[in-house]
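Order of the sequence lines sets the chain letters (A, B, ...), proteins ahead of strands, with each chain counted from 1. Side chains are part of it too, since the values below use all heavy atoms of this structure and drop only hydrogens, waters and symmetry mates. The structure presented is a predicted model; accordingly, all values stated were derived computationally and were not measured.
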Protein chains: 2
Amino acid sequence: MGNYDLKQEVTDKYSLRGRVFNKIREDILSGKYKENDELKEIAIGEELGVSRTPVREAFRQLELEGLIQIVPNKGAYVTGISMNDVKDIYMIRSKLEGLCAAWACEHITESALEEMEENIYLAKFHAERGHFEQMAELDSRFHEILYESCNSKMLEHLLKDFHQYVQRVRKKTLSTTERSLASNHEHQMIMEAIKAKNVKEAEKLATVHIHNAYDNMVKNGLKEAYSNE
Amino acid sequence: MGNYDLKQEVTDKYSLRGRVFNKIREDILSGKYKENDELKEIAIGEELGVSRTPVREAFRQLELEGLIQIVPNKGAYVTGISMNDVKDIYMIRSKLEGLCAAWACEHITESALEEMEENIYLAKFHAERGHFEQMAELDSRFHEILYESCNSKMLEHLLKDFHQYVQRVRKKTLSTTERSLASNHEHQMIMEAIKAKNVKEAEKLATVHIHNAYDNMVKNGLKEAYSNE
DNA sequence: TTGTGTACGATTGTATACAATGATGCAATC
DNA sequence: GATTGCATCATTGTATACAATCGTACACAA
């Protein structure tokens, strides 16, 4: 996570390096490349029809993102996320998400609040019907809106990084109707606290929300996902 | 600070890319390259006696670290740290440093505690005599020990990143005997809370410590440092 | 004078050639 | 049979050549 800016997000779409970067990242996060898999510059370059140069540059970025580890003169290896890492990230996120909610009280725009309300309303619909695919999507978007509303590029970028870093495991956290409904209700309370500009309450609710998400994840299924470690 | 790992720290010393990366980073943090300065691949390559390739790779990493911004087909520009960024970082650090101190209660080693005590003792000596150079050094080291004692590579790396990110402005924060002594006393209280495994107290003290550091910095001199913006 | 178009130069983007390094297998020696 | 040394090969590290792109300056016309 080095990295704490977001300027290259546009450029990445149009340069070869950016496309390679996104492709590999997706393949790692989706599970196509597994922990300790070796990524070879030539192989990936050929697969995507580009030379080694953009692949190398993408590798360097992926290393800073923490998705791969480069051993000099040897190769690039996919790094896994350990259970401890996941726990750490959730604890860190919990604190930062609270900060983010607090700041959002002051800086959120009307349209952002409206999108949140719409999001929550729609999520209720899907949660009741067990549409977990859509729930995951809506949940992601809710937090994204929150991040974009804190008026701090630093914090926004940091949280987005973490958010996508645990994407692999996060899918599981909303996989019951019960948790989906509870989570959505928590979203609503956070939104209302922000709307009321109740800083302390918003901070606390957001903090607890992430804690709950983590607890729920631990309760059902995180262990299996990592049982082969 | 994308990047949230620390694997390449060793490799960086021995590869050209790593050396270029460190050199440019230092030059930005030390102020040799100023905000909006344009960094040209060829010029820097020639200055360091390497070709464009390692320079380009270093640029990509620096971009993820947020120190430069790369505009496609145009150039790389030094990104400044605005007063708002500094404030954000301190607020974020405040939270995370609290978390770090809390975790350290459980995981700190005897030898780390001893080094802390020594650090505080020595710092008192230098603070009383106005040796600000040594104070800055000792202060940095104190926090580093703390970071290394939380038993989370994630959090450790994150805090180290932030710490060096504000290095430019941080020097000013210890530039009075008064603040030096107060800061050192805060270090001592944090250390004692950790030693006593008083989690809540350690967290609170560490959080407040960073807040104080920020307040002090704002009080004397941050504005001037950025008056040309 | 002002606006527009074009051509040129500077710089980055990509591909490829060559150098350096580390892994592997085999043979020679103890 | 085990171990060490060497040769070979695969892979990354670096340099450089060429392509694409952007900004600018200048000429020309309204």
- Task: Check whether any side-chain nitrogen or oxygen of Arg60(A) sits under 4.0 Å from OP1 or OP2 of dG13(D), and answer yes or no.
- Result: yes
- Mark yes when over 12 heavy atoms from residues, nucleotides or ligands other than Lys23(B) sit less than 6.0 Å from its NZ; otherwise mark no. yes
- Message: For Glu203(B), is there an ion pair with Lys95(A) - N to carboxylate O distance below 4.0 angstrom?
- Response: yes
- Task: Rounded to the nearest angstrom, tell me the gap between atom CZ in Phe59(B) and atom P in dT12(C).
- Result: 7 Å
- Just how far, in rounded Å, is P of dT12(D) from CZ of Arg17(B)? 13 Å
- Message: Both Glu57(B) and Lys74(B) contact DNA chain D. Taking the nearest nucleotide for each, which residue is further toward the 5' end?
- Response: Glu57(B)
- State whether Glu47(A) and Lys32(A) are salt-bridged, where the test is any N-O pair (Lys NZ or Arg NE/NH1/NH2 against Asp/Glu carboxylate O) under 4.0 Å. yes
- Note on the structure: Sorted by position of nearest nucleotide on DNA chain C, 5' first, the leading residue of Asn73(A) and Pro54(A) is Pro54(A)
- Hey, mind stepping through Arg25(A) and Gln61(A) against side chain to side chain donor-acceptor pair (under 3.5 Å) and telling me if it holds? CA-CA 10 Å; Arg25(A) 172 151 82 173; Gln61(A) 297 189 215; over 6 Å; no
- Query: Among residues 37-53 of chain A, which contact DNA chain C at a heavy-atom distance under 4.0 Å?
  - Reply: Val50(A), Ser51(A), Arg52(A), Thr53(A)
- Message: Between P on dT12(D) and CD1 on Ile68(A), what's the gap in Å once rounded to a whole number?
- Response: 11 Å
- Message: Donor-acceptor check, side chain of Asp27(A) to backbone of Tyr33(A), threshold 3.5 angstrom: yes or no?
- Response: no
- Query: Separation of Ile70(A) atom CD1 from dT14(D) atom P, in whole Å?
  - Reply: 12 Å
- Note on the structure: Here the distance between atom P of dT11(D) and atom OH of Tyr77(A), to the nearest Å, is 10 Å
- Measure centre to centre between the rings of His209(B) and His143(B), then say whether the value is under 6.0 Å. yes
